[in-house]
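Below is one structure, written out as structure tokens; the observations come after it.
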Amino acid sequence: MKYFFANWKMYLTAAESRSAARSLAGFSLPEGIRAAVFPNTLAFSAAADELGGSYWQLGAQNVDSTPQGAYTGATSALMFKEAGAVYALVGHSERRHIFGETDEAAHNKTQACLDAGLIPVVCVGESESDRKEDKRQYRLKKQLFQVFTGLNLPSGAALVAYEPVWAIGSGEPCAPADADDVAGWIKLELSQSFGLTAAVLYGGSVTPDNVAGYLEREAIDGVLSGSASTRPDSVAAMLAAVEGSG
Ligand code: PEP
């Protein structure tokens with residue numbers, strides 16, 4: 001089983017999300033694919049209306065770490081759960097780099113997801129300067145340890161997305177063989193250090209032309225697609241590429 005996750009970020013309005021979700025609901029998924037859409041918070045219910053009864057699941061792009069209270073502008077994991085979310089992205093590089101989210105915040109949000117019954121998708125990835133300075137493993141290990149230390153979670157309760165920052169939205173994806181090595185290394189780290197088994201997805205400039213190359217890899221359990229997933233024709237092309245390669 002492989003995951004196909006679509007992160008719509010802040011690309012689509014609620015009306016556009018509804019229309020895109022309606023198209024997606026009509027697509028048949030290739031065998032063995034579990035798919036989910038991560039709409040903008042304000043578009044979440046519109047997408048949920050359209051995807052209800054289809055094979056598509058839903059996820060939150062961002063949750064607050066507290067369940068309820070005086071937190072102006074925030075939306076809790078519990079609220080997303082109530083609205084129909086199954087997953088939540090945690091520690092996405094745009095949250096880290098644009099909104100200053102720390103590893104500690106990612107840890108707290110992961111815990112909040114687990115408490116609310118959501119499956120956290122913990123995003124980790126090295127920056128361009130980490131890459132130049134050969135610090136990839138150092139950065140990933142730091143992110144993984146700060147998120148997973150002190151969490152009491154069973155195997156399979158969380159997913160990890162390996163998303164090199166330099167590959168996100170850049171049109172310069174990480175080569176499938178390289179991403180596969182990293183996914184294997186992440187699994188080993190999680191198993192040796194935390195006794196955890198977790199599926200690892202790859203994200204960063206995934207397109208219809210390269211998606212199959214990731215999903216056919218042994219250690220890569222799925223893809224997290226951003227901008228390419230916001231157009232139904234492109235989602236259809238990605239699913240067709242996966243179908244054709246299976
Ligand atoms: C993402 O934001 O998670 C992502 C992978 O974006 P893109 O596919 O646009 O690189």
Side-chain angles (χ1 to χ4, degrees), residues 2-12 16-17 20 24 33-41 43-44 47 56-63 85-101 106 109-110 113 119-128 130-131 136 139-140 143-144 147 158-176 178-180 182-183 186 198-215 217 220-239 241-242:
K2 300 261 175 171
Y3 296 89
F4 179 87
F5 282 177
N7 175 14
W8 287 353
K9 310 195 189 195
M10 202 179 73
Y11 282 121
L12 304 176
E16 289 165 345
S17 300
L24 264 51
I33 292 288
R34 181 168 296 175
V37 173
F38 295 72
N40 176 266
T41 303
F44 194 93
W56 291 85
Q57 296 177 309
L58 285 139
Q61 290 182 16
N62 178 43
V63 300
V86 174
Y87 308 96
L89 300 181
V90 174
H92 188 279
S93 89
E94 286 148 18
R95 298 297 316 170
R96 292 177 189 269
H97 296 107
I98 302 172
F99 300 100
E101 197 162 294
K109 289 180 179 197
T110 303
C113 288
I119 300 172
V121 183
V122 177
C123 302
V124 293
E126 78 283 4
S127 66
E128 176 65 32
D130 289 335
R131 176 160 77 144
R136 173 153 75 179
R139 183 66 57 208
L140 296 177
Q143 292 172 340
L144 289 170
V147 169
L159 307 178
V160 172
Y162 169 55
E163 298 209 297
V165 181
W166 48 269
I168 296 180
S170 66
E172 190 201 340
C174 181
D178 193 14
D180 192 49
V182 177
I186 289 173
V200 179
L201 283 61
Y202 167 75
S205 298
V206 171
T207 65
D209 292 338
N210 63 24
V211 64
Y214 294 105
L215 292 182
R217 293 280 162 174
I220 299 177
D221 299 299
V223 290
L224 174 55
S225 168
S227 57
S229 73
T230 59
R231 292 198 331 272
D233 61 332
S234 157
V235 172
M238 287 194 269
L239 295 176
V242 173

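Every number for a ligand or one of its atoms is a count from 1 in the order of the listing.
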Could you grab the distance from atom [atom1] of [X] to atom [atom2] of [Y], nearest 0.5 Å is fine?
X	Y	atom1	atom2	answer
Glu126	Glu128	CD	CD	9.0 Å
Arg131	Arg139	CZ	CZ	15.0 Å
Glu16	Thr230	CD	OG1	9.5 Å

Assess the residue pair Leu159 and Val200 against the criterion (side-chain contact (heavy atoms from CB on, under 4.5 Å)); give the C-alpha distance rounded to whole Å, side-chain angles, the decisive distance to 0.1 Å, and a yes or no. CA-CA 6 Å; Leu159 307 178; Val200 179; over 6 Å; no

Can you classify the ring geometry of Trp56 versus Phe4 as parallel (below 30°), tilted (30 to 60°) or perpendicular (above 60°)? perpendicular

Are any of the N/O atoms in [X] less than 3.5 Å from those in ligand 1?
X	answer
Gly169	yes
Ser225	no
Ser205	yes

Run the numbers for me: atoms of ligand 1, each under 4.0 Å from some heavy atom of [X], listed by number.
X	result
Gly204	5 (C), 10 (O)
Gly203	5 (C)
Leu224	3 (O), 5 (C)
Ile168	2 (O), 4 (C), 6 (O), 10 (O)

May I ask you to check whether Tyr3 and Gln57 show a side-chain donor-acceptor distance below 3.5 Å? no

Distance-only donor-acceptor check, side chains Trp8 and Gln61, under 3.5 Å: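 No, because no side-chain N or O of Trp8 sits under 3.5 Å from a partner of the opposite role on Gln61.
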
[atom]: nearest protein contact (heavy atom, Å):
atom	answer
atom 1 (C) of ligand 1	His92 NE2, 3.2 Å
atom 8 (O) of ligand 1	Gly226 N, 2.8 Å
atom 2 (O) of ligand 1	Lys9 NZ, 2.5 Å
atom 3 (O) of ligand 1	Glu163 OE2, 2.7 Å
atom 9 (O) of ligand 1	Ser227 N, 3.0 Å

Can any side-chain N or O of Asp178 pair as donor or acceptor with the backbone N or O of Ala175 at less than 3.5 Å?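 No, because the side chain of Asp178 does not come within donor-acceptor range (under 3.5 Å) of the backbone of Ala175.
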
